[in-house]
4 protein chains.
Amino acid sequence: MTVDSQTRPMRKDAARNRGLLVAAARDVFARRGLEASLDDVARQAGVGVGTAYRHFGNKYDLAAAVMHEVIAGVVADAERACLDPDPWSALVGFLEGMLVLQTTDRGLREVMMGVRDPQSELEVHDQLEKPVSRLLERCREAGALRDDVVMSDVGCVLMMLCQVADVAADHTPDLWRRYLPILLAGLTPDGPPLVGTPLSDEAFRVASASYQTGRVRGARPTDARDRSGEQVAQ
Amino acid sequence: MTVDSQTRPMRKDAARNRGLLVAAARDVFARRGLEASLDDVARQAGVGVGTAYRHFGNKYDLAAAVMHEVIAGVVADAERACLDPDPWSALVGFLEGMLVLQTTDRGLREVMMGVRDPQSELEVHDQLEKPVSRLLERCREAGALRDDVVMSDVGCVLMMLCQVADVAADHTPDLWRRYLPILLAGLTPDGPPLVGTPLSDEAFRVASASYQTGRVRGARPTDARDRSGEQVAQ
Amino acid sequence: MTVDSQTRPMRKDAARNRGLLVAAARDVFARRGLEASLDDVARQAGVGVGTAYRHFGNKYDLAAAVMHEVIAGVVADAERACLDPDPWSALVGFLEGMLVLQTTDRGLREVMMGVRDPQSELEVHDQLEKPVSRLLERCREAGALRDDVVMSDVGCVLMMLCQVADVAADHTPDLWRRYLPILLAGLTPDGPPLVGTPLSDEAFRVASASYQTGRVRGARPTDARDRSGEQVAQ
Amino acid sequence: MTVDSQTRPMRKDAARNRGLLVAAARDVFARRGLEASLDDVARQAGVGVGTAYRHFGNKYDLAAAVMHEVIAGVVADAERACLDPDPWSALVGFLEGMLVLQTTDRGLREVMMGVRDPQSELEVHDQLEKPVSRLLERCREAGALRDDVVMSDVGCVLMMLCQVADVAADHTPDLWRRYLPILLAGLTPDGPPLVGTPLSDEAFRVASASYQTGRVRGARPTDARDRSGEQVAQ
DNA sequence: TATGAATGAGAGTTCATTCAT
DNA sequence: AATGAATGAACTCTCATTCAT
């Protein structure tokens, strides 16, 4: 109530709450996906739901803010990559970094694979555009990248691998590494052999099966069970 | 659960309703994804919800039944492909056919990209396994496919492209054609150039934006908009 | 689940609504039994259903809360009865009081005659145990009660009369008074000896608990599980 | 279709189905109580639900029919009891027999403890009235029964013990034996006088009838009627 | 400004009862 | 007369979002 209202009232608290919320959301979404309730996020953040709405307007905006945080790091990575003397390996490293990130974060995958809000998408895009296109440009100059490759192609490559990572998350989280070379080769003239073991057919079934759990929401009374402590086994 | 087709031939009207239900489900799920409610499906089919439950037991089983129908066609395609004198173009044609199918069907994409129920998934898998692996075998014999390619690789390729198709569904539904050659090349030694136009940056934003519509479930405003004509105001 | 009364004193409006809810539940359950829907209770309380669920988690918990309120009074009665110089008339008065209460409250009868949730049942039991067993002890000392009478016998007596009250509720609400003397006589030294083993206190809890299973219908997702194994082929 | 339609067409089949239904209902209700669905009963009987409705009109009537069957046996018992040279032990034996019956039959207990349909109740009453009142009369003549004991008192005694049996069903099914002597003692000249008016026979019918209202859940019309006056405008 | 209680529109699912076959 | 498919109201419970405190 009575704060020194001279400077900028509450700013510090507000910023702190915002941070707590984003951090909590990142954790909760990472574990349970975007379907987690905002109540849970707020609880974990130690603030009221109302606060979440004051800061983010709706659930998706919060997810976007999480994205924003991640993007900040990713942009830094991209900028660092620009300094690498070998732009191609820098690009590859950048992609790998993002995929590793996504591998452990279900919510991030969901956001990455389908952002809804144009605004936040723009933001992401704008922020990444400069460093990434510079990276691509440098690759092209180095003769490592074909001329017809555009930025969104890189985005699509990422999405595709992300989809693989998502499906295989629980059983073969690194499966994307099997397909990355192929896609990269598609951006250059070379075609490398497939490495690593593929999902066995059995694993594929199980992966596919367990994957969607909780995503086709409401499909089963699973919901409740699903939520309690994230159970696995049976 | 699903009506037993062995013991008895099923009454004519029941069969008709079942057909109506599957057709409606296919349409509704195609447009709005699996999150559409069974009430909506039943309404569109012109039957009561109870009827849906009599035939399918639960929402997911209905989705599986829809899938089943589609798979029947797909399996037929795969078997036809086996007869093609050129196995490689047969494989490519098969993949293209599936993607065309998925391009227009959001629900199918969702099911394809992550089926939840092991049972139906197995069914799909089992049904597809024989014709597809035969196709792969023939490709290998023809020297068109690398030895380390297994069936699940084909599944992953499909998934990846499906993800692209999903994101671009509303604006550049054929975007997957841009990446199919790359992935195919990854299954052979050759690396072809990228063809077609990529998503423009603008298109990418909008596509990404509209994509998720209704997927981040509970995103009410979206739902409502999506359901236009359903509203009741307040 | 039930609002935590330790950490914080609960907001004023919340407390008010909780009170309204319990009052409404008591009234609705009293008139229509536990099968009345939570929607109806909420409507009568003048709050949304969601509020009911915020406070009670599920229908049965609400019933338990209502019970809790009643029990508080009953426990007070029991304690007051302990102070009566004439323990026997105190016991009789206590029983009469409980029956009068139950005569006008169908829901209470249902809860009394078969509580389903072990937890709340325990609570009731625990709370009543001390004052009532003290009352019995004093009766025994006064030579008014046989030695082989245990607490659960009193509970059974209550239940039996409650059943009579239940059946006669609308037409002869006091019918239980006709049989109370008989049962009381059975507890005095003049009565016939009690044969067989009574319900142990533990058994009493479990019996009461498991008894109701599936009766307060819809109260839990028990339903489905309950039915499994019942299906006769197809 | 083509049966010999000379004698009485279908009569045999109909009777057989009726029998199957009652038997199935008895078994299903015995195990799961009256809340079991008619579909389950019909399935177990091996007939369609429609057939059940043709024969019984509604779920409750079927329960009543089950009762009827039981009553037939009980009446026989009662009549046999009348022949016993020792009327008192005959009465006791009769009560014990009924309780043993109820101990293993949850549905029967539910029906016994609250019959809803006046019509069937009447039937029961009428059938039992003669033999039981004769039995009571003989006991009175033998000086074993007090003068103020009426038939409904015996019914109430039965109900009370039935309630005990119900609660203790899973753990101490014979618990009622503990209280039977007490209640019997209450009917002998040694017991305390019965106070108040018993249920008149008429009242007994009506009480029993209205009691169950809304308990055999799903009895739709009742529900609706019951709810009127609940609405709080909007 | 922060809080968290309140809201209420759904969602999935069940089942007594009706009615076309 | 029998069948069992169809119906749809009712029920419990969830959760994004709003709003009084």
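Proteins get letters first, then strands, A, B, ... in listed order; numbering begins at 1 in each. For clarity, every value in this text was computed on a predicted model and none was experimentally measured.
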Check this one for me: any side-chain N or O of [X] less than 4.0 Å away from OP1 or OP2 of [N]?
| X | N | result |
| --- | --- | --- |
| Ser37(C) | dA10(F) | no |
| Thr51(C) | dA5(E) | no |
| His55(A) | dT1(E) | no |
| Asn17(D) | dA2(F) | yes |

Can you figure out which of [options] approaches the side chain of [X] most closely?
| X | options | result |
| --- | --- | --- |
| Val47(D) | dA9(E), dT3(F), dT3(E) | dT3(F) |
| Arg54(C) | dT17(F), dA5(E), dA6(F) | dA5(E) |
| Asp39(B) | dG12(E), dC13(F), dT17(F) | dG12(E) |
| Ala14(C) | dA6(E), dT3(E), dG12(E) | dA6(E) |
| Lys59(C) | dA5(F), dT12(F), dA1(F) | dT12(F) |

Once side chain to side chain donor-acceptor pair (under 3.5 Å) is applied, do any residues pair with [X], and if so which ones, sequence neighbours excluded?
| X | value |
| --- | --- |
| Asn17(A) | none |
| Asp39(C) | none |
| Arg43(A) | Asp40(A) |

Can you check side-chain contact (heavy atoms from CB on, under 4.5 Å) on Phe56(D) and Val22(D), steps first, answer last?
CA-CA 10 Å; Phe56(D) 300 102; Val22(D) 172; 3.8 Å; yes
Please report the distance, rounded to the nearest Å, between [atom1] in [X] and [atom2] in [N].
| X | N | atom1 | atom2 | result |
| --- | --- | --- | --- | --- |
| Asp13(B) | dG4(F) | CG | C1' | 9 Å |
| Leu38(B) | dT7(F) | CG | C1' | 15 Å |
| Leu21(D) | dT3(F) | CG | C1' | 12 Å |
| Tyr53(C) | dG8(E) | OH | P | 16 Å |
| Phe56(C) | dA6(E) | CZ | C1' | 14 Å |
| Arg16(D) | dA1(F) | CZ | P | 16 Å |
| Leu20(B) | dA5(F) | CG | P | 16 Å |
| Leu34(C) | dT12(F) | CG | P | 11 Å |

On DNA chain E, does the nearest nucleotide to Gly46(C) precede the nearest nucleotide to Gly57(D) from the 5' side, or the other way round? Give the residue.
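Of the two residues, Gly46(C) wins.
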Between Ala52(C) and Val49(B), whichever has its closest DNA chain E nucleotide further toward 5' is Ala52(C)
Working for salt bridge (Lys or Arg N to Asp or Glu O under 4.0 Å), residues Lys59(D) and Glu35(D)
CA-CA 10 Å; Lys59(D) 185 176 171 175; Glu35(D) 83 195 345; over 6 Å; no
Name all stems that contain residues of DNA chain F, defined as runs of 3 or more consecutive Watson-Crick or G-U wobble pairs, both distances under 3.5 Å.
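Result, WC/G-U stems under 3.5 Å: E:2-21 with F:2-21.
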Qualifying residues under side chain to side chain contact (heavy atoms under 4.5 Å, CB included), relative to Ala52(A), sequence neighbours excluded:
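Result, side chain to side chain contact (heavy atoms under 4.5 Å, CB included) vs Ala52(A): Leu21(A).
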Which residues pass the side chain to side chain contact (heavy atoms under 4.5 Å, CB included) test with Ala24(A), sequence neighbours left out?
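Counting only residues at least two positions away or on another chain, Ala24(A) forms a side chain to side chain contact (heavy atoms under 4.5 Å, CB included) with Val41(A), Gln44(A), Ala45(A).
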Distance check, rounded to the nearest 0.5 Å: Leu38(C) atom CG versus Tyr60(C) atom OH?
13.5 Å
